[in-house]
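Here the structure comes first, spelled out in structure tokens, and everything after it is commentary.
Letters A, B, ... are given to chains in the order of the sequence lines, protein chains preceding strands, and every chain is numbered from 1.
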Amino acid sequence: MARCHHCDEFSRASFMRRTAAEAGRGLPAIEAGMPAPAGTGLDRRTFVARTFGLALSVYGAGKLNLFQEGIARAASGPAQPVLVSVFLPGGADSLSVLYPALDSRYRQLRPTLALGPGDGPQFTEDPSLYWHPSLAPFATLHGEGKVTVMPAVGYTHPDQSHFTSRHFWEVGATEPRLVTGWMGRYLDHAGARDNPLQGLSLDYQLQPSLASAKVPVAALAAPDEYTFDAPGVWGDVENRMLETLQPLGARRSDRFLNEAANATAQSDRLRRQLAPFTGSDYGTPVPYPDGDDGFPRQLAGLAAMLAAGLPLRCVAITAPGEYDTHSDQPKALADGLDITARSLLAFQRDLEARGLADRVLTLVWSEFGRRAEENGSDGTDHGAAGSAFLIGTRSKGQMVGEFPGVANLDDDGNLRATSDFRAVYSSLLEQWLGEDAAAVIPGAGSFQRPALVK
Amino acid sequence: MPPVYRGPFGKPQAERLLWRAGFGPRPGEAERLAKKGLEHAVHSLTHPGRERLRGPKPHDDNGHPLAPYDAWGHDQLWWLDRMVRTTRPLAERMTLVWHDWFATSEDASNARLMIRQNNLFRKHGLGSFLTLLTDVTCDPAMLLWLSGTDNSKDSPNENYGRELMELFTIGAGRGGYTERDVREQARALTGWRNDWSDNLGPTHFRFDKRRHDPGVKRIFGRRGHFDWRDSCRLCVQHRLHPSFFVTKIWSYFVPTPPPAATKRSLERLYVAHGHAIGPVVEAILKHPALYDGPRMVKPPAVYVAGLLRSLRRGIDTEAWTWLMDLAGQSLFFPPNVAGWDDTRWLDTSTYRARWLIASHAIRPHELNGDKAKLPADAAKLMTRAEAFFGKPVLTGRTHGELKRFARRALGDANARWKKEQYPALIENALRQLLASSPDLQTS
């Protein structure tokens, strides 16, 4: 592909990421030209079928037992509530997400970036505010009582570093040295020792909020990609090869050798959990947005995994888009919010169609909002209070904390927070996940619990 | 001076040094380096002489030469080829260190500018940190990435000023600077601009004093008509910079934090040599913690380049770009301005990516069960698999488990055609398992 200086560099990059993912999926399980192995009982048809994960019978009795165990474990006990965390990376501009269109001070602070009252739908709970035009899907869900809005969420003494502020949100405390994520600590309390799927990063890498100290958690881009093939290895030998992952993953005395062994063991466990799922059609009942981004497909895969009864508890995913809009904010923000919001609407409709909607809540957040005053390069610098949303049929649907307005900014010229992310986490733990927040969030006792769940 | 390792310096130590200070050994290289002893081994890495590129020339999937400026992903392959073929592995490894330290993404510019920046890292990798920092500050890819050319007298942009202190020189949360320092640094850094050309994209990067804020700034309590050079100098002279520098550079070579006394003596060494990078790196490469301490997880680029070096294979496919992306490290596309997180290379997703990388590395040598006649002997098959990768040092456990696998799989051969074909299949599987074993993920 020839380099094109006129096309949008960002979408080109995300296109390549998608291509990468597809290339990963496309690695053939069966080598072209491989001899038909007479006598193995596996002819070409069953090989092909296995590539698509449809014919479990070819795995033989041992593998079938694993399959049945996985389903049995998933089906045993009541269906658990699921929390999905969606991170908008870079600090999404809360003054564009919900904007006070008619406030003259807003228009003074944002002479080029201000949006008008005709641009986006009105926010019914506070008619002085309007949804960013790309967030019309959220406005629709809000109209159905399925979105709780936090228009200015943050913490006291806001930190304007991406990494520090995101770290605070990920670990669920304003503690720079905490190394476990808030959902990871929840799973350490309430999770199982043998179920990596309980904490799932829908990503090529583990999301920090899921970093646990004791229990296994997993990262995978899509459930149907989780295969371990090797060139020129099949039949009995392949089964023996895959069996070897377990002893290779056994505990080692060297700290980082053990880390690598641990990744081997957890990958092996996840491989066995997903074996029945590999390559299957998701059976998605609703349309998701088309396009280059992997996000809609990842959400479709998530809904399918839940529908299959896989034992998921906490899920984390990074939203598409680039929200660190120091320049060229209008297009970057609109594009990112557009694909994110349309995908999340499709995900909600998918859950509803599959009868799973009462089991899933989705929290959308960013590490901070942006400076009230625009910066002169068609963008905004780092700010303080950001916006967050809790989506789902069980979401309370009443805003938490009022919109603070631009008349009373903090000393750095940023929006003041009217709700605290640690209070939000505490409510989610207690009202949704059924866990005492004090066991997970440091200092949880000092926060009022907003009503987030109905 | 920081302590120096005094234990035995044999093949295991030389192999570890080659992985930490480069991209692992070619077959026989660790044995040769071990003969030099620690002192001369490290010296040979820090003073390698003129660069030569050894081994097959790189080409794309169609056999054409790489077009790093023009074809997508070829810039990554161009760099990977340097890692694989260079005779100056430490210089190339330092280039990777600086790419992570001054993490700049091609998302904001283009391959031409990224390669220009990359050559800057290659040139200054072991030289003066102040020179490196000053050159990076006005490097076009960086100016675009952290809004340097958007930062002008009339509309200051804090992006670079903040990261300059937080990520490049001083560190956040240490009381080293205030939000006011961020704003004043932004003013000092004003003045850079560029033009746009339909052919080249962003071009003609220059300092324009009309866009520079010439007023008095107050940075770290000092007042002056500071400009971008002063910004860099003030950061490097900051009392908290040496400790930031030595801790961060240490972390690229040793996975556990430096002992307090070592940290202090490295800081002294750094300051005594006028903020030169080389002496600090040399001291770290001789430090006992590198040889006696725990292993280290290889970054994906190091893992890939190392596998290819061990197989004497050049760049002959574009697959490495998407494979490295799956493993969590697209060269020229760090995840953000803080670079890659070296504590989180391995999880269930990136482990599978490394499995795929191993598959792709061994694929051209795949043995065919119909044709390859191999001995039905587990120990012999294992010895062949080790030789295939140039006999890397393995732990007893991994060696034992792989041999046990081979024995069991040979035992499954309950028909004549299986007895003939399984040894080749087992050899293929041993290569796959060895390359993706915990031992080869770490060094």
Distance check, rounded to the nearest 0.5 Å: R354(B) atom CZ versus S267(A) atom OG?
11.0 Å
Who among S161(A), S327(A), P89(A) has the most heavy-atom pairs with chain B under 4.5 Å?
S161(A)
Counting heavy-atom pairs closer than 4.5 Å to chain A, which one of L430(B), T398(B), I426(B) comes out on top?
T398(B)
Just wondering, do P231(A) and I362(B) contact through their side chains at under 4.5 Å, heavy atoms?
yes
To the nearest 0.5 Å, what is the distance between OG1 on T442(B) and CD on E259(A)?
10.0 Å
Contact check, side chains of T256(B) and R255(A), non-hydrogen atoms, under 4.5 Å
yes
Of all heavy-atom pairs linking T395(B) and R252(A), the shortest is OG1-NH1, 3.2 Å
Hey, which of D439(B), T350(B), N159(B) has the most heavy atom pairs under 4.5 Å with chain A?
N159(B)
Honestly, the part of V337(B) sitting under 4.5 Å from a heavy atom of chain A is both
Considering only heavy atoms, which portion of L167(B) lies under 4.5 Å from any heavy atom of chain A: side chain, backbone, both, or neither?
side chain
Shortest non-hydrogen separation from Y226(A) to S349(B) and the atoms involved:
OH-N, 4.5 Å
Checking heavy atoms, do the side chain of D412(A), its backbone, both or neither come under 4.5 Å from chain B?
both
Chain B heavy atoms under 4.5 Å from Q160(A): which part of the residue, side chain, backbone, both or neither?
both
Please rank L257(A), N258(A), L270(A) by heavy-atom pairs under 4.5 Å with chain B and give me the top one.
L257(A)
Out of S147(B), A338(B), S330(B), return the one with the most heavy atom pairs under 4.5 angstrom to chain A.
A338(B)
Evaluate the side-chain proximity of D236(A) to K418(B): yes if any heavy-atom separation is below 4.5 Å, no if none is.
yes
Measure the CZ-CG distance between R183(B) and D381(A) for me, rounded to the nearest 0.5 Å.
8.5 Å
Do the side chains of D412(B) and R240(A) get nearer than 4.5 Å, heavy atoms only?
yes
Closest heavy-atom pair and its distance - P294(B), F256(A):
CB-CD1, 3.8 Å
I would like to know whether M241(A) and L433(B) meet side-chain contact (heavy atoms from CB on, under 4.5 Å); could you show each step before the answer?
CA-CA 7 Å; M241(A) 176 183 78; L433(B) 286 169; 3.8 Å; yes
How many angstroms lie between CZ in R408(B) and CD in E243(A), if you round to the nearest 0.5 Å?
7.0 Å
Between Q266(A) and T348(B), does any side-chain donor sit less than 3.5 Å from a side-chain acceptor?
no
E163(B) and H162(A): side-chain contact (heavy atoms from CB on, under 4.5 Å), yes or no, with the steps?
CA-CA 10 Å; E163(B) 309 306 7; H162(A) 288 296; 4.0 Å; yes
Among L367(B), L346(B), V182(B), D150(B), who wins on heavy-atom pairs under 4.5 Å with chain A?
D150(B)
At a heavy-atom separation under 4.5 Å, does Q441(B) approach chain A through its side chain, its backbone, both, or neither?
side chain
D203(A) portion near chain B, given a 4.5 angstrom heavy-atom threshold
backbone
For W355(B) and F228(A), take the angle between the two ring planes, folded into 0 to 90°, and tell me which bin it lands in: parallel under 30, tilted 30 to 60, perpendicular over 60.
perpendicular
Looking only at heavy atoms, what is the nearest atom pair of R344(B) and A211(A), with distance?
NH1-CB, 3.6 Å
Can you establish whether the number of heavy atoms outside K153(B) located under 6.0 Å from its atom NZ is more than 12?
yes
Interchain contact, R269(A) with chain B, by part (heavy-atom threshold 4.5 Å):
neither
Under 4.5 Å from any heavy atom of chain A, what part of P156(B) do you find: side chain, backbone, both or neither?
backbone
Carefully, step by step, assess F163(A) and D341(B) under the rule side-chain contact (heavy atoms from CB on, under 4.5 Å).
CA-CA 11 Å; F163(A) 311 100; D341(B) 183 348; over 6 Å; no
Residue part contacting chain B, namely of T244(A), when any heavy atom lies under 4.5 Å:
side chain
Side-chain (D254(A)) to main-chain (R295(B)) donor-acceptor, under 3.5 angstrom:
yes
So which part of A429(B) gets closer than 4.5 Å to some heavy atom of chain A, the side chain, the backbone, both or neither?
both
Would you call V237(A) and F405(B) a side-chain contact if the rule is heavy atoms closer than 4.5 Å?
yes
Mind checking whether H382(A) and E158(B) have side chains closer than 4.5 Å, heavy atoms only?
no
Hey, are the side chains of E179(B) and D411(A) touching, using non-hydrogen atoms and a 4.5 Å cut-off?
no
State, to 0.1 Å, how close L248(A) and P438(B) come at their nearest heavy-atom pair, and which atoms those are.
O-CG, 3.5 Å
Max heavy-atom pairs within cutoff under 4.5 Å with chain B, candidates G379(A), P196(A), A260(A), goes to A260(A)
Residues N428(B) and G232(A): closest non-hydrogen pair is ND2-O, 2.9 Å
Mind checking whether N375(A) and S155(B) have side chains closer than 4.5 Å, heavy atoms only?
no
NE2-OH distance between H326(A) and Y160(B), expressed to the nearest 0.5 angstrom:
14.0 Å
